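The chains referred to below are lettered A, B, ... by the order of the sequence lines, with proteins before strands, and numbering in each begins at 1. Every value quoted in this text rests on a predicted model; they were computed, and no experiment measured them.
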Number of protein chains: 2
Amino acid sequence: MSTHRRSSGLAESQDRLIAAWGQMGSTWGISRTMAEVHALLYITGQALCTDDVMARLSISRGNASMSLRALVDWGVVQREHRRGDRKEYFVATSDVWVMLQSILRERMKREIHPVLANLCEIRDESGAIIEPRGRGAGAGPIDDEEAVEEHHRRLDDLIALVRVIDEMGTKLLALDPQLMKQTAMALAGGFGGGADDSPSRGAGRGS
Amino acid sequence: MSTHRRSSGLAESQDRLIAAWGQMGSTWGISRTMAEVHALLYITGQALCTDDVMARLSISRGNASMSLRALVDWGVVQREHRRGDRKEYFVATSDVWVMLQSILRERMKREIHPVLANLCEIRDESGAIIEPRGRGAGAGPIDDEEAVEEHHRRLDDLIALVRVIDEMGTKLLALDPQLMKQTAMALAGGFGGGADDSPSRGAGRGS
DNA sequence: GGGCTTTTTCAATAGATTCTGAAAACATGC
DNA sequence: GCATGTTTTCAGAATCTATTGAAAAAGCCC
C-alpha cells in the first residue's frame, strides 16, 4: 500500500475531520472557520497558540484571534498559560458531553430565548386586538372575529411548542454531563433500553 | 369598506410574528424569506396563492415560488388545488407537533446524517494509520504512537456523540406526533412529571 | 518608563448568499 | 392547435457575511 507519503496519515485524518466539522458548523449558524478551529483543537488534543492555528489552517491572525475568542466565549475551549512563555495557548474541552452542554447552552441563549420572549410579547400585545367597531356594526363580516380567535389559538400553540423546547433544554443543562449522557443514551436506545457505553467499533453506517 | 385603519390590529400582530419567525429562521440555516413565508401561512391559517404571498411580503415572484416549493419539500406546507381556479394555493400544517417533526426530519437529513457518514468514513480509513517506519526505527519519537491512539479515542467519542443524537432523533420521528408531544412535555416537566395540555394562558416569560 | 512580544480591533475587501425580473416551460380550456 | 393564465428557472444585481492585514492596544520584563 502506498505508504510512501504516509507521514501524512495522522495529519491527513485530522484535516478530514476538520473539514467535516467545519462543514457542519456552516450548516448551522456557526462560521466555518470557527468550527474548524474547534475541530483542530479537539482532535489534536493539544494546547495550541494562535500561530499554530494560523499556520495549520492557513488563516489570518485576526481571524484566528476572533475565532479563538468566540470559542472561549462558547465555553468549548479554555485558555492556558505557560510559565516563562508570553504566548497564550488554547485547549478544547475533551469530554464531548460537556462540549455538547456548552453548545446547547449557547444555542438556547441565542436562538430559543429571544424567540420565546418575542412570541410572548407579541401575544401579550395582541390581546388588545378588538375587531372594528364591535360585532353587528353592519359593514364588517363576522369572519374577523373568527380570524382573531384563530390567530390567538395559533400563537398560543406556537408558544407552547417553543416553551416546551426551552424547558427541555433547561432541564438537560441542569443535569450533570454524565447523567445527561445516560439520559440521551436511554432515549436513543429506545426509551428504557440498556445504556451501553461502547461505541461499537464496527463499520460505519452506509448513508 | 372601513378597512383602512383598523386592519393594523390583526395584520400588525401577524407581521410581528412573521418578523420574529423570520429572524429565528435566519439564525438557523434557513433563509429569512422562507421562514417568513412559512410564518405567514401558519399564522393566517388560510390557503394563499403565490400572488398573495408576494403582495403581503413584498417579494418577487421568483422568490415566492422558490420559498414555497422549499416549504413543500420540507413538508411543512401543502399544495391545494381549487376546482375552477387555475392557481395553486398553499396551506401550512396547523399542528405544531407535526410541523416540528417535519423540521426535525429535514434537519437530521441535512445536518446529522452527512456528518455521521463522514465521521465514520474518516474513522474507517484512519484505521490504517501507521506511524512512519514502525516503532523503534530510531528517528521518530514514540510520541506518535500515543498521538494516534488519542486520535482514535477522540474520533470515537465524537462518533458516539453524533450517533446518539442521530438515534434519538430517529426515535422521535418514529413516534406519533401526539406521543412525541407527550414525551417532550414529560421531559420538559421534569422527567416523569405530569403532562399538562393547557399552555397556561397567563403572561409570558420575562427574558 | 522603554523596548519587546503578543493580542485585539476594525476598515477595506473578498466571497457567498439571496433576490429580482423577465423569459421559458407548463398547464388548461376552447 | 392556439390563447390564456400560472409556475419555474436562472443570470445578473443587490445584499449580507467572513476574512484579511496593518495599526492600536495590552502585557511583560528589565
remark   = Against the side chain of B/Arg69, the closest entry in D/dT9, D/dT6, C/dT5 is D/dT9
task = Using only side-chain N and O atoms of A/Thr50, determine if any of them is under 4.0 Å from OP1 or OP2 of C/dT7.
result = yes
request  = Report the nucleotide, chosen from D/dT20, C/dC19, D/dA18, that has the shortest atom-to-atom distance to any side-chain atom of B/Thr33.
outcome  = C/dC19
message = In this structure, how many angstroms lie between the C1' atom of D/dA18 and the CE atom of A/Met66, rounded?
response = 9 Å
task = Tell me, yes or no, whether the heavy-atom count around A/Gln23 atom CD, taken from other residues, nucleotides or ligands under 6.0 Å, exceeds 12.
result = no
message = Which nucleotide wins on minimum distance to the side chain of B/Arg61, given the candidates C/dG29, D/dT7, D/dT9?
response = D/dT7
message = Nearest heavy atom decides the nucleotide; on that basis, is A/His81 or A/Arg32 closer to the 5' end of DNA chain D?
response = A/Arg32
task = Take the protein atom CG of B/Leu57 and the nucleotide atom C1' of C/dT20, then report the distance between them rounded to whole Å.
result = 15 Å
ask   = What's the closest nucleotide to the A/Ser65 side chain, out of C/dT20, C/dT9, C/dT18?
value = C/dT9
query = Taking atom C1' of D/dG5 as reference, at what distance in whole Å does atom NZ of B/Lys87 sit?
reply = 9 Å
key: Axial cation check for A/Tyr89 ring with A/Arg82, 6.0 Å and 45° limits   = yes
query = Just by distance, with hydrogens left out, do B/Thr50 and B/Glu88 show a side-chain donor and acceptor under 3.5 Å apart?
reply = no
ask   = Nearest-Å distance, CG (A/Leu68) to P (D/dT19)?
value = 13 Å
request  = Take the protein atom CD of B/Glu88 and the nucleotide atom P of D/dT6, then report the distance between them rounded to whole Å.
outcome  = 12 Å
request  = Compute whether any side-chain donor of one residue and acceptor of the other, for B/Trp28 and A/Glu111, lie under 3.5 angstrom apart.
outcome  = yes
query = Atom CD1 of A/Ile59 to atom P of D/dG21: distance rounded to whole Å?
reply = 12 Å
inquiry  = For the CD atom on B/Glu150, are there more than 12 heavy atoms of other groups (residues, nucleotides or ligands in this structure) within a distance under 6.0 Å?
reply    = yes
query = Please give, in whole Å, the distance from C/dC4 P to A/Asp85 CG?
reply = 19 Å
message = On DNA chain D, does the nearest nucleotide to B/Phe90 precede the nearest nucleotide to A/Ser58 from the 5' side, or the other way round? Give the residue.
response = B/Phe90
key: Side-chain donor/acceptor contact of A/Arg86 with base of C/dT6 under 3.5 Å   = no
task = Return the value, rounded to whole Å, for the distance between atom CG of A/Asn63 and atom P of D/dT20.
result = 5 Å
